[in-house]
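Ligands are counted one by one from 1 in listed order, and the atoms in each one are counted from 1 as well.
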Amino acid sequence: MSTLNIIEFPDPRLRMKAAPVTVFDAKLKQFVADMLETMYAANGVGLAATQVAVQQRVLVIDMSDERDQPLVLINAELVEKGGTQVYQEGCLSFPGIYADVTRALDVKVKAHDVDGKEFVYAAEGPLAVAVQHEMDHLDGKVFVDYLSPLKRSLLLKRLEKHRKQAASA
Ligand code: GNR
Ligand code: NI
């Protein structure tokens, strides 16, 4: 296993649309294991393949406190959504910034597991936020896209500031 490099905004690869996985082989299993290791090492609750510069529809999530409940969704497609919620989001590709985003309260997705078996997964609350946040990444969309231009530019300035501080530390 190995940890992968997480790309950060404004890397143009964050805007690429990922292609469906067509081959469920040992190489895919290795990639999923590496994505989980990368997410845990970065203390993230989720990770999309786009963030490690791989344009394949693979996402991983673990919202558990014990960090022992990995969820792997391959080729996830939204089949149902309902309600709305506001949740303060962060993103490993935008270190140090957070913003309230409005999304569906619950979602139902159809996805494949690492063996290629199809299943339906329903999520609600914070878990539904994570599913939507990761699915967005695979379409080249990021959480700051939901903010007003004013709020976005304020946050992106803050991101720059955070970077400079991190670089001089
Ligand atoms: O680690 C993460 N935390 C988080 C918090 C609120 C809403 C979404 C997230 S996902 C993020 C990891 C990440 O960037 N996934 O793409
Ligand atoms: Ni993210």
Please determine whether salt bridge (charged side-chain N to carboxylate O under 4.0 Å, His left out) holds for the pair Asp145 and Arg15, giving the CA-CA distance in whole Å, both sets of side-chain angles, and the decisive distance to 0.1 Å. CA-CA 11 Å; Asp145 295 346; Arg15 294 302 185 185; 2.8 Å; yes
Protein N, O or S atoms under 2.8 Å from the Ni ion (ligand 2): 3
Does some side-chain heavy atom of Met35 sit less than 4.5 Å from a side-chain heavy atom of Phe31? yes
Could you check Lys151 against Asp100 for salt bridge (charged side-chain N to carboxylate O under 4.0 Å, His left out), going step by step and ending with a plain yes or no? CA-CA 10 Å; Lys151 207 165 192 178; Asp100 283 351; 5.7 Å; no
If you apply the rule salt bridge (charged side-chain N to carboxylate O under 4.0 Å, His left out), what do you find for Lys29 with Asp34, and how did you get there? CA-CA 9 Å; Lys29 284 199 173 77; Asp34 289 347; over 6 Å; no
Does a donor on one side chain and an acceptor on the other come within less than 3.5 Å for Ser93 and Glu8? no
For ligand 1, list the protein residues that place a heavy atom within a distance below 4.0 Å of one of its atoms, sorted by chain and number. Gly44, Val45, Gly46, Gln51, Tyr87, Gln88, Glu89, Gly90, Cys91, Leu92, Val129, His133, Glu134, His137
May I ask you to say whether Glu160 pairs ionically with Lys157, meaning some side-chain N is under 4.0 Å from a carboxylate O? no
Result of checking Asp62, Val52, Leu4 against Leu47 for side chain to side chain contact (heavy atoms under 4.5 Å, CB included): Val52
Rounded to the nearest 0.5 Å, what's the gap from CD on Glu89 to OH on Tyr146? Could you check? 8.0 Å
Would you confirm whether Asp11, through its side chain, and Arg13, through its main-chain N or O, come within 3.5 Å as a donor-acceptor pair? yes
